[in-house]
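Below you'll find the structure, written out as structure tokens, and then a few comments.
Residue numbers start from 1 in every chain, and the chains themselves are labelled A, B, ... in the order their sequence lines are given, proteins ahead of strands.
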Amino acid sequence: MIFHDLRGFLDELERQGQLVHVRQGVRPEPDIAAAGRAVTDLGEASPALLFHALEGYGAARLALNVVGSWANHALMLGLPKTASVREQFHAIAQRWTRFPVPVERVAEAPFQDNVTTEIDLFALLPLARVNPMDGGFYLDKAVVISRDPDDPENPGKQNVGYYRLQVKDKNRLGLQPVPMHDIALHLRKAEERGENLPVAIAIGTDPILASVASAPLRYDQSEYEMAGALAGQPYRVVKSDATGLDLPWGAEIILEGEVVCGARELEGPFGEFTGNYSGLRRQPVIQLTRALYRHKPIFEQCYVGTPWTEVDTLIGLPTCVPIYHQLKADFPEVEAVNALYTHGLATIISTRQRFGGFAKAVAMRTLSTPHGIGYCKIVIMVDETVDPFNLAQVMWALSTRFDPAKDMITVPTASILPLDPLADPPGIATKIILDATTPMAPDRRGDFSRPVEIPPGTREWTAILGDLWAKAKAGER
Amino acid sequence: MSAICPRCDSAKARRLATAPVDGAWEIFGCPVCFFTWRSSEPDSITDPKRYDPRFKIDPQRIDAIPIVPPVPGKRPQSS
């Protein structure tokens with residue numbers, strides 16, 4: 001199933017019993033943050049929430065936790081909501097190979113129904129503080145679109161990404177461009193040219209774009225063309241008559257403006273996905289010039305904090321899959337990549353081995369992938385027979401295959417994103433590789449010649465018992 | 001309408017907005033440290049004396065806070 005907008009996906013979630021309407025009156029603070037935290041604690045099938053009555057905001061609607069569970073994530077992909085994480089990983093990995101799928105260009109979009117240059121974000125958006133000590137109200141599930149100022153006609157270099165946005169005034173935002181991310185490169189080029197950087201901000205998009213926007217694509221890969229690959233049909237965009245940027249057709253709200261050349265203002269702190277508040281820094285600002293929005297727009301946010309929260313589900317597999325394909329290009333033996341934990345600060349990779357020491361080579365290559373240079377602080381290598389998404393199996397491999405004297409490599413003073421609370425100084429960390437694969441010739445160590453194998457007939461019995469259990473739950477004897 | 005910033009104690013904070021419906025709250029912003037808050041939030045957020053001291057800001061030290069990313073030099077103009 002293809003979802004062209006957030007509303008279509010919310011309808012599907014409702015049909016599947018994965019959407020909860022909150023019609024009782026709620027306070028922006030502390031209720032929204034508390035509900036955002038609480039809903040992800042309901043487990044791997046937690047529902048999306050749609051608030052209808054926020055104090056002071058009348059009938060404005062706020063959506064939370066839209067892709068905050070593996071069940072909702074599976075529905076986003078058109079899979080059964082019971083699909084396992086590993087099944088979802090391989091579904092994305094397979095669709096990834098369809099890239100690039102050229103976009104579908106149309107002239108009109110629903111967000112063009114309302115256009116204003118008199119922007120008042122406090123009236124337009126039902127804002128709520130995400131964590132108590134945040135420096136302000138944030139847009140934390142909005143994608144920022146920008147182009148390379150030196151190559152503005154190159155659609156591949158147009159970037160669609162998540163960058164936290166602090167609401168500083170009615171028409172002014174703070175922007176956090178992490179140096180490893182594409183928008184930081186766009187901004188540097190604009191400032192070298194002495195120019196402002198035009199941007200568009202899309203709030204409340206279809207879930208596939210929301211997912212792809214978090215993926216560490218290569219610099220010249222288009223998020224829209226990747227969204228088309230994952231959705232199985234061209235992604236629909238509308239060219240802005242103000243900036244020339246391609247805008248997602250189904251967005252609830254579009255904000256247009258410019259990153260102001262040379263301007264830096266205090267930004268933060270913000271309770272981040274690391275489970276810590278970020279530091280306070282002087283960062284770029286966006287001056288907004290125009291807002292476009294659908295009738296009765298739905299504002300979308302996500303709760304961010306100590307994992308697990310919506311952001312971990314949202315960015316998890318789109319982080320895993322590009323690393324997988326980048327490794328697979330050189331090492332076809334790689335089976336799967338689990339970079340779900342804290343955006344891949346800890347990454348687990350399963351691989352077959354060509355010869356002794358091979359897994360360590362794959363691990364070192366991981367550190368130099370586009371995502372690895374800013375994340376992948378801990379890389380754990382496991383055999384192809386170990387499911388990297390099954391932590392019980394991973395811990396078994398570490399317990400029985402890992403020798404600290406011979407299977408551990410540390411890399412001092414490596415690059416890391418500044419948000420890592422252990423970075424010292426910010427941006428620098430020690431990285432570690434833990435090789436928990438079975439030693440292979442000529443690396444002859446230990447005795448792994450008599451493994452306990454799965455008893456014959458186990459697969460058949462898994463099906464038999466699953467069927468009996470389903471009948472038992474249905475009340476049949 | 002002016003106010004004291006709970007985070008940096010500046011007296012330059014001002015009202016940025018009132019609730020679009022029913023005037024349930026007001027939002028204030030500080031032009032010194034860019035903190036914003038809603039009048040309906042708990043005292044631990046709105047009261048300068050009760051704001052968590054670990055998150056307070058001394059306006060005199062703002063210039064020492066890191067700039068990220070740094071502002072690059074301009075490219076030479078080609079003639």
Check your understanding: Between A/Pro30 and chain B, which part of the residue has a heavy atom less than 4.5 Å away: side chain, backbone, both or neither?
Key -> neither
Check your understanding: Shortest non-hydrogen contact from B/Pro70 to A/Glu191?
Key -> O-OE1, 4.4 Å
Exercise for review: Decide yes or no for A/Leu280 and B/Arg7: does some side-chain heavy atom of the first lie under 4.5 Å from some side-chain heavy atom of the second?
Suggested key: yes
Practice item. Answer whether the closest heavy-atom distance between the side chains of B/Thr36 and A/Lys168 falls below 4.5 Å. Key: no
Point to revise | Nearest non-hydrogen partners of B/Phe34 and A/Gln166, listed with the distance | key: O-NE2, 3.1 Å
**Study point:** Any donor-acceptor pair under 3.5 Å from A/Arg188 side chain to B/Pro69 backbone
**Key:** no
**Study point:** Close side-chain approach of A/Glu29 and B/Ile45, heavy atoms under 4.5 Å
**Key:** no
Review point. Heavy-atom distance under 4.5 Å to chain A: side chain of B/Asp52, backbone, both or neither?
Key: both
**Study point:** Lys/Arg-Asp/Glu bridge criterion (N-O < 4.0 Å) met for A/Glu192, B/Lys74
**Key:** no
Review point. Who among B/Pro66, B/Gly29, B/Cys30, B/Ala17 has the most heavy-atom pairs with chain A under 4.5 Å?
Key: B/Pro66
**Study point:** Under 3.5 Å donor-acceptor, A/Arg129 side chain and B/Glu41 backbone
**Key:** no
Point to revise | A/Leu266 side chain near B/Val32 side chain, heavy-atom distance below 4.5 Å | key: no
Check your understanding: So which heavy atom on B/Ala24 is nearest to which on A/Glu55, and how close?
Key -> CB-CG, 3.7 Å
Study note, to complete from the structure: Applying a strict 4.5 Å limit to non-hydrogen atoms, the region of A/Arg264 in contact with chain B is side chain
Point to revise | Contact check, side chains of A/Phe122 and B/Leu16, non-hydrogen atoms, under 4.5 Å | key: yes
Practice item. Measure the shortest side-chain to side-chain distance between B/Trp25 and A/Arg27 over non-hydrogen atoms and say whether it is less than 4.5 angstrom. Key: no
Review point. Is any side-chain heavy atom of A/Lys189 closer than 4.5 Å to a side-chain heavy atom of B/Arg75?
Key: yes
Revision key, fill the gap. Taken to the nearest 0.5 Å, the spacing of A/Glu265 CD from B/Cys33 SG works out to 11.5 Å
Practice item. Measure the CZ-CG distance between B/Phe35 and A/Asp134 for me, rounded to the nearest 0.5 Å. Key: 9.0 Å
Exercise for review: Evaluate side chain to side chain contact (heavy atoms under 4.5 Å, CB included) for B/Ile27 paired with A/Phe137, printing each intermediate quantity in order.
Suggested key: CA-CA 10 Å; B/Ile27 287 177; A/Phe137 305 101; 4.1 Å; yes
Check your understanding: For the side chain of A/Arg282 and the backbone of B/Ile65, is there at least one donor-acceptor N/O pair under 3.5 Å apart?
Key -> yes
